[in-house]
Amino acid sequence: MKQGFWKKLTKPIMAMAPMANVTDAAFRRMFAKYGKPDIFWTEFVSVEGLLSKGKEQLLIDFWYTEEERPIVAQIFGAKPEQFEEVAAMIQKLGFDGIDINMGCPDRGVEKQGAGAALIKNPKLAKKIIQATKRGAPNLPVSIKTRIGYSKNQIEEWIPVLLEENLAALTIHLRTRNEMSDVPAHWELANDIVTLKNKYAPETILLGNGDLFTREEAQKKINESGIDGAMVGRGIFGNPWFFSGYTPTTKERLTCMVEHVELFETLFKSDLDKKEGGIKNFDIMKKHFKAYVTGFGEAKELRIRLMETQNAAEVRVITETFLSSHFVLQQK
Ligand SMILES: Cc1cc2nc3c(=O)[nH]c(=O)nc-3n(C[C@H](O)[C@H](O)[C@H](O)COP(=O)(O)O)c2cc1C
C-alpha cells in the first residue's frame, strides 16, 4: 500500500471536502492563507474529459499552489483504462494523492456508470482502483463513497474497497438515495471503524456529513474512533474554519472582497478571447450568500451583491456598506 503523505498526518485529521464549483483554485488559496485544513481536495474532474479535446478547460480545476499541500486530485469515471492514463497525468502534475469519487448521485455522472453507480458494480470499482494504482505507482490512492445505494450496505460494500489496500477511505454517511436530505448516519461510524480494523487497519478513515463546526467534528471523531473528518458545506464563507478563529463580520466581508478579486484574477484573465472568462462569475454568487449572513441588513446586502457582474462592483458595494454600518462599531 502506498501511503505517501497520509502516514505523516497527525490525528484527528480535518479535511476539506471536494466540491464542484466551490473548491476551485481561488477558494483553496483563501483557505491556504486564513486556515489550512490538513488536506486540500480539488473539485472532481471527469477522466473522460481529461482525455478529450476539451481537457484544457478541465485542467483549470487542477491548478494549485505549493501552499495547498498536501493536495489530492479527485476524479470520476467508469473506464479503468482511462483511470490508468489520467492517474499517470496526475502524478506528473505533482499532486500528493488521487481520490476516486464513488458517491456522486448526479444523474449525468451515474449515467456513465460513474460516481454512486459504482456502489452497484463492485467488480468495476475494484478494477478502477487497480488501474489507478498502476497509472500512478508513486501516489497514494483513496476513495470517497457513501454507506450504500438505496440502503445501508456497509457490511458488503466497505470490505470491497478495503480489500484493495487504500491509503484512505472517506465515507459520506448517507446512502445515494438519501442525497443530502436526511441527517448523516453518524451512528454507523463506529461499525465502519470495526470493518476497517478487520480488513485494512492501515487505511485512514474519514467521516463526512453535516459537520458545521470544528467542535462538532471533534465530537464525532471522539465518539466514533474514526481517524478524521471531512467538512463540506460547513466551510462555505469561512476560510478561517480550520484555524478555529471566529472572524468579525467586517473581517468576513473584507475577506469576501479578497476572494472575489482573486477569483477574477485567476479565472477572468482571458476575457478578450472568451466572453465571460474561463469560469462564470455566477459561481461566486453562492459564496456571497455564505459570507453575507448573521447580521442586520445581511439580506439587503446579499440582494445587491447578487446583481453584480465583476469584482470592482462587489468592492464598491461592500465598502459602502461597511463604511455606513461598521465604522462606529469596529475599527
Ligand atoms: C456544491 C457541492 C458540490 C459537491 N461536489 C463534490 C465533488 O466534486 N466530489 C465529491 O466527492 N463530493 C462532492 N460533494 C459532496 C461533498 O463533498 C460532501 O460529501 C457533502 O456535501 C456532505 O458533506 P457536508 O455535510 O459536510 O457538506 C459536493 C457537495 C456540494 C454541496
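Computed from a predicted structure; not experimentally measured. Order of appearance sets the numbers: ligands from 1, and atoms from 1 within every ligand. Residues: numbered from 1 along the sequence shown.
Side-chain rings of F263 and H287 stay apart, their centers remaining 6.0 Å or farther from each other. If you look at Y34 and Y245, their ring centroids are not closer than 6.0 Å. For H325 and F295, the ring centers sit 6.0 Å or farther from each other. Between F241 and F31, the gap from one ring centroid to the other reaches at least 6.0 Å.
When heavy-atom distances to ligand 1 are checked against a 4.0 Å cut-off, K286 has no atom that comes that close, whether in backbone or side chain.
Of the protein's heavy atoms, N101 ND2, 3.2 Å lies nearest to atom 10 (C) of ligand 1. If you check which protein heavy atom lies closest to atom 31 (C) of ligand 1, you get R233 CG, 3.9 Å. Looking from atom 5 (N) of ligand 1 to the surrounding protein, the closest heavy atom is A20 N, 2.8 Å. Looking from atom 23 (O) of ligand 1 to the surrounding protein, the closest heavy atom is N208 ND2, 3.0 Å.
Taking distance alone, with nitrogen or oxygen atoms compared against 3.5 Å, E43 stays at or beyond that limit from ligand 1. By the 3.5 Å distance cut-off applied to N or O atoms, S180 is not counted among the residues near ligand 1.
Considering K144, M16, H172, M230 only, the shortest heavy-atom separation from atom 16 (C) of ligand 1 involves K144. When the options G103, A17, P18, G234 are ranked by their closest heavy atom to atom 14 (N) of ligand 1, first place goes to P18.
In this structure the side chain of P140 reaches within 4.5 angstrom of the side chain of F5, judged on heavy atoms. For the pair D24/I283, a side-chain contact is recorded, criterion being any heavy-atom separation below 4.5 Å from C-beta on.
Heavy atoms of C104 come nearer than 4.0 angstrom to ligand 1 in no pair at all.
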